[in-house]
Number of protein chains: 2
Amino acid sequence: MNGIVQNVVAINRDHHERASHCRHCQSCMKKPVCPAYELVSGQQLDGESGMLQKTIQPGQSVFRASDKFDGIYMVRSGFFKSFFIDADGVMQVTGFHFPGEIFGIDGIETGFYNDSVEALDTGSICKIPLSLFTGSPARKSSIGSDNLLNLSEYNMNGISRMVPLMKIMSRTISRDRNMIFALGKLCAKRRLGTFLLDISARMAQSGYDANQLHLFMSRTDISNYLCLALETISRLFAQLHAENIISVDRRDIKILNMPALQALVRDDATSESALAQTA
Amino acid sequence: MNGIVQNVVAINRDHHERASHCRHCQSCMKKPVCPAYELVSGQQLDGESGMLQKTIQPGQSVFRASDKFDGIYMVRSGFFKSFFIDADGVMQVTGFHFPGEIFGIDGIETGFYNDSVEALDTGSICKIPLSLFTGSPARKSSIGSDNLLNLSEYNMNGISRMVPLMKIMSRTISRDRNMIFALGKLCAKRRLGTFLLDISARMAQSGYDANQLHLFMSRTDISNYLCLALETISRLFAQLHAENIISVDRRDIKILNMPALQALVRDDATSESALAQTA
DNA sequence: CGCGTTCTTGACTCCTATCAAGGAACGTGG
DNA sequence: CCACGTTCCTTGATAGGAGTCAAGAACGCG
């Protein structure tokens, strides 16, 4: 029932649980997906690089919206959520972050983070200071009214270090486009199905079982993120359970019939046929 | 009734209506908003720069989805729409483009455009070849499986030319975020109100009257873009007309009570109070 | 054990989509 | 100039999906 929890522990073992300057990129498990590693590989990393890793407790924030932008973050372990509080004081969940993923890039233009990010469970993150991308010492990165313009000053020397940033931004754009599509064109059931498949794929990419999901976020967070009512989420979980597509035990979800789930998302109301084929 | 059409003509006068290599950036009206100008200012532009301007007839496309990416575009005059055809053959409108605005940036990561773009009326565009950003001759930009990685090769020389690209991408991200918010949290009426305000602001920025809008797109395009039924758009126009917030004459929209329109978008169903205050 | 938080389930309402029909503008050809 | 078809838009009737309101259940915690 909680093999997932064991996985979390297993991953945590490889991490340094105290905040410290990172001298360990060479041995970091996340190398293949880390934009920082791309930049520092072959270089000597020292305390002045500004790379920092840190353990975050559940509910604790990494940064808050309107904090001064001073770098992007990579999740080493644990799960995080992004959100902002709108003019009416209502929370808007803007995303969830899994091990190996990046967040905080959105602050780069204005010089301030747009979202707050907080831990859903105990996790550890790696801060990648902007200076690593610009190639300039961190202290020089005084952020003016137009941060991006200032960036150009830092690129007098050699290969542009912005390519990894652009990759991240491109990925952000295409993820946002998918969200627009989901919110605009999909009914509640397909939206939730898409969400589950997305979580599943990202869990798999982080080394977890794609069919055993532990949702670290509440129903409220999910409903807010998917722009649905909390009750709708609850009803849909029950419905998918009744259709034997998933099993639901509080926040532990098992995907019992992946093809049916995929068909549901793709083909609208044709889930029965897929169910017949595979169950 | 058609003061807007006159404006279009006025702007067109300043443009070169045939496709030709651009030697006129120095005198271009769009300089302040053009990322290309930022790159070429102070330089001699010749035929080899690859800058190209072109007149597009209504309904004609600039490029099609899955065409090979070979640069981004700026609207010099006229109005354009972006869209793609999904797996089921259904058109999805992804945006509209006004004079001075940029499109085509989304192709940069994959090396292929994601959307098709076509003219809603007669217009002219300026193609800004990727080489202008990378600083390499156009012929060298052979696009591999990972286009962005290749970009790094082109940045051995001097100031990073990617800063303007990153600015555009940042703007794209924040516009997409607004769309997510609109689709997720706003009811149909507020969605359409937001759309009208957006059009109005962009028209104003392009030098038109913010209160006299000519919609170059059909109701179908609007409904598709806003993810609403065509009939809903029609009904809401009628309703806003009845409330004296706008007047509607086919595609000519007059904003009669801007504060009420803004209040409607902000405060939900409180439009009557704003109407009382200002009308 | 009691309490608060989180989640589930039911009843009802409302917004928007869908289906259907008709009207207005436009271009074409007679 | 008018008849005609086409496209685009409007308006009405109806239905369904998801939200809201409300009550209760399950779990965690002190």
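Here is the naming used below: chain letters follow the sequence lines, and residue numbers restart at 1 for every chain.
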Aromatic ring centroids of A/Phe96 and A/Tyr225 under 6.0 Å?
yes
So what does A/Ser234 touch, heavy atoms closer than 4.0 Å: a base, only the sugar-phosphate, or nothing?
base
Within the structure shown, what part of the strands sits under 4.0 Å from A/Arg191 by heavy-atom distance: base, sugar-phosphate, or nothing?
nothing
Determine whether any donor atom in the side chain of B/Arg190 lies under 3.5 Å from an acceptor atom in the base of C/dT16, or the reverse, and answer yes or no.
no
Whether the side chain of B/Arg235 and the base of D/dG12 hold a donor-acceptor pair under 3.5 Å is what I'd like checked.
yes
Would a 4.5 Å heavy-atom cut-off, applied to side chains only, mark B/Glu231 and B/Ser223 as touching?
no
With sequence neighbours left out, the residues meeting ring pair (Phe, Tyr, Trp, His ring centres under 6.0 Å) with B/Phe98 are B/Phe79
Bend across the helix from C/dC1-D/dG30 to C/dG30-D/dC1, to 10°, with axes taken over 5 pairs at each end?
30°
Angle class for the B/Phe63/B/Phe103 ring planes (parallel below 30°, perpendicular above 60°, tilted otherwise)?
tilted
Let's see if you get this right: which residues in residues 220-228 of chain B place a heavy atom under 4.0 Å from DNA chain C?
B/Cys227, B/Leu228
Please pick, from C/dT16, D/dC9, C/dT9, the nucleotide with the shortest atom-to-atom distance to any side-chain atom of B/Ala188.
C/dT16
Of the listed nucleotides D/dT11, D/dT20, D/dA18, the one nearest the side chain of A/Ala229:
D/dT20
Can you pull every protein N or O that's under 3.5 Å from an N or O on nucleotides 28-30 of chain D?
none

Residue pairs meeting salt bridge (charged side-chain N to carboxylate O under 4.0 Å, His left out), one or both in residues 78-101 of chain A, sequence neighbours left out, come to A/Lys81-A/Asp221, A/Glu101-A/Arg202
For A/Ser61, what residues pass the side chain to side chain donor-acceptor pair (under 3.5 Å) criterion, not counting sequence neighbours?
A/Arg64
Between A/His97 and A/Ser82, is there a side-chain donor-acceptor contact under 3.5 Å, judged purely by atom types and distance?
yes
Residue mapping more 5' on DNA chain D - nearest nucleotide basis, A/Glu231 or A/Leu186:
A/Leu186
Side-chain N or O of A/Thr232 less than 4.0 angstrom from OP1 or OP2 on D/dA18?
no
Mark yes when over 12 heavy atoms from residues, nucleotides or ligands other than B/Gln205 sit less than 6.0 Å from its CD; otherwise mark no.
no
